[in-house]
Amino acid sequence: MNHLPLIIKREYLTKVKNKSFIVMTFLSPIIMIILISVVAYLSQLNNEKQRVIAVLDESGLVKDAFQNTEHTKYNVFEDMTLTDAKAIVKETSNYGLLYIGKLDTINFVPQHMEFYSEESPSLGLISDLEGILENKLTDLKLQNEGFDIEKIKTSRATVSIEQESFDGQKTSKIDSVLKLIFGGMAGYLLFMFIIIYGNMIMRSVIEEKTSRIIEVIISSVKPVQLMLGKIIGTSLAGITQFLVWIVLGGVLLIIISTVFGIDVTQMQSPQQQMMQQAMENPEANMQLQDIMMAFYNLPITNLIIAFILFFICGYLLYSSLYAAIGAAVDNETDTQQFLLPVMMPLILAVYIGFFTVIEDPHGTVSTVFSFIPFTSPVVMLMRIPFGVPWWQQLLSLLILIGTFILIVWFAAKIYRVGILMYGKKPSYKELIKWMKY
Amino acid sequence: MSNLLEVNGVSKNYGDFTALNNVSLTVPKGSIYGLLGPNGAGKTTLIRIINQITMPDSGSVFLDGTALNSIHIKDIGYLPEERGLYKTMKVGEQALYLAQLKGLSKAEAKIRLKYWFERLEIGDWWNKKIQELSKGMAQKIQFVVTVLHNPKLLIFDEPFSGFDPINANLIKDQILQLRNDGATVIFSTHRMESVEELCDDIMLIHKSNKILDGKLLDVKRQFKTNTFEVGIKVSEKLSLEQELSQKFQIAPANFKTLGDELKLNIKLAENDKANDLLSFLTSKGEVSHFVELIPSVNDIFIQTIKNN
């Protein structure tokens, strides 16, 4: 008799009807959005506030280099001692005081600069000031050597290299960033999914053991069926939760950004920063078109198919391990020793994904790890946007499926024996012994 | 076909540990079969093999004439010793789910559940969660789930644990009723008085081996000691006792009487006749007690285990 649909249905319904699951489903996007909005709002506040920086230039060389900007206003003091200047700055609660000491020759100016402030200033501010001073001093020195500054400025060239693969596909820097975002999102999603719902499966197996219902169930159902039913049912509940999160999160985001006028997109993730840097090219008016182009250039069909296949196989591979762990132990505290070796390859995969693949998507390390079954789902998903030959994808997928079948068989064995073992925490040696039962 | 279940030479090893060693048994149709043995003897392993939870290393099991296979799942109802229910699920939902796993349709399961809930007077529990019920209440639900699909073979492992005497009696009556309706029952317990009361056949497992089986009456006959419990009113107790001790093995007995009788256990030799003893005793005084001592299952159990 095939009870799989029945088991899946029960697992799904109990998960979905569970109070803490419902609370988590609806509360987490709200909390996330609120957090994001608060941070966005605060950083906006921070940006809008104009900082006043006093400048006391005793050398008189650089005071005209300070131009007021949107966020910073420079207040240049004249004919004043340092102590007086400090007192005034403190009194007027200006942000800080930049002091440039008196010197005859321009070569020693850099040693006589100091910034005074109430709190220690941000790195950004200091490097901004340093930039301004460096530019000015360089100009001055060049002038001293007899160069024409204007000529130097006009002869500065800007270059943006166009990229094209041998079969004629045009790529650009924006392209690479988009690929990174896609790959990163896919890999990270899989990682999160495995951790959250793998744990959920494990807990549900342990619950069946501790409530002692397991023997009743497996007198009517094969353990493998029960295990697969559990994994599939829990995963469907997980997908439901994810969909709710995405929909609810999206709606809330729109509502909040329209009602409160907070531009949440101002929140800058590292990827977005990279994107911006990539877009800072002379032909700025091409930006939007470029992004669209880059988007079309992505191997979308390949991406979607590969995502679904690798996601399912990778997730099932790990979740059957989680189920086996749940079956082997009696309570959650005993899971630690078995969880570590399962988590290691997963974390390794994410590290490789985010460091090595970004650096060199087709290098030896990336390629090798996109074939090793425990890391391949994450690493391959991150490589695919950069274009992976179809035979590599297929080979990796076949290895993954082969391992997946092997692991499910192995997990089912552990599961079958483990669910009926009570009272003791098994060692690895015992787990291997169970294989022979 | 007079036997519902036949187990032929079943062995099972867990690594180096032998859980069952060449165990055979036959369970007659319509009987209540007592499966006895000390803790860790292999009873649960045997039951799990019959339930197809574990596979035997060697040997075969036949249910109703066919080798055990997955069709038989719906023919067996199993109440394990380690039992429980999903704590957060509602009683009705849970019972329906478990019934469907045994192959009943949802509608059919509902009708039968209603009937059984009425029968055990638990109709108003349908929407309660298991965690709101007491242990005994949950046990009742489990009993219902076990018998709901009208299995040919019912296996109860310690069915009365956790019940108060009233409910234990109720469950016992239900088991007898089910047997009368045609079911065969395998009954594993450490409570010898229920074995005495319910079982037609018994089997004793010790250290993975079967050491005894058969009809309960046959087993008792096999273990009878030809000992009679005697109470007799005489004035000269001592002299009678001496006279008896020359002919028979005697021992003081302890049972309740209304008068001041001489109370003895008298063991007859192989060819002695009970009637001869009785007529001898009646010639000496008024006999108020003359009962053959039937070995209790408890005695048989302890004696057999000790001898092995």
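Please read these numbers as outputs of a predicted model, since none were measured by experiment. Protein chains get the first letters and strands the later ones, always in sequence-line order, with residue 1 at the start of each.
Distance check: B:Gln139 CD to B:Leu85 CG gives 9.0 Å after rounding to the nearest 0.5 Å.
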Walk me through whether B:Leu25 and B:Asp201 qualify under side-chain contact (heavy atoms from CB on, under 4.5 Å). CA-CA 11 Å; B:Leu25 64 102; B:Asp201 297 68; over 6 Å; no

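Under the rule for a side-chain hydrogen bond (donor to acceptor under 3.5 Å, both in side chains), the partners of A:Ser235 that lie at least two apart in sequence or sit in another chain are A:Tyr315. Listed by chain and number, the residues in a ring pair (Phe, Tyr, Trp, His ring centres under 6.0 Å) with B:Phe143 are B:Phe156 (sequence neighbours excluded).
At a 4.5 Å heavy-atom cutoff, the contact between A:Thr14 and chain B is made by side-chain atoms alone. Of the two parts of B:Glu93, only the side chain, counted from C-beta on, holds a non-hydrogen atom closer than 4.5 Å to a non-hydrogen atom of chain A. With a 4.5 angstrom heavy-atom cutoff, A:Leu13 does not touch chain B via any of its atoms. If you measure heavy-atom distances from B:Gln94 to chain A, the contacts under 4.5 Å come from the side chain alone.
Ranked by non-hydrogen atom pairs under 4.5 Å with chain A, the options B:Gln52, B:Gln142, B:Glu81, B:Met89 are led by B:Met89.
Both the sub-6.0 Å distance and the 45° axial angle are not jointly satisfied by B:Lys140 relative to the ring of B:Trp116.
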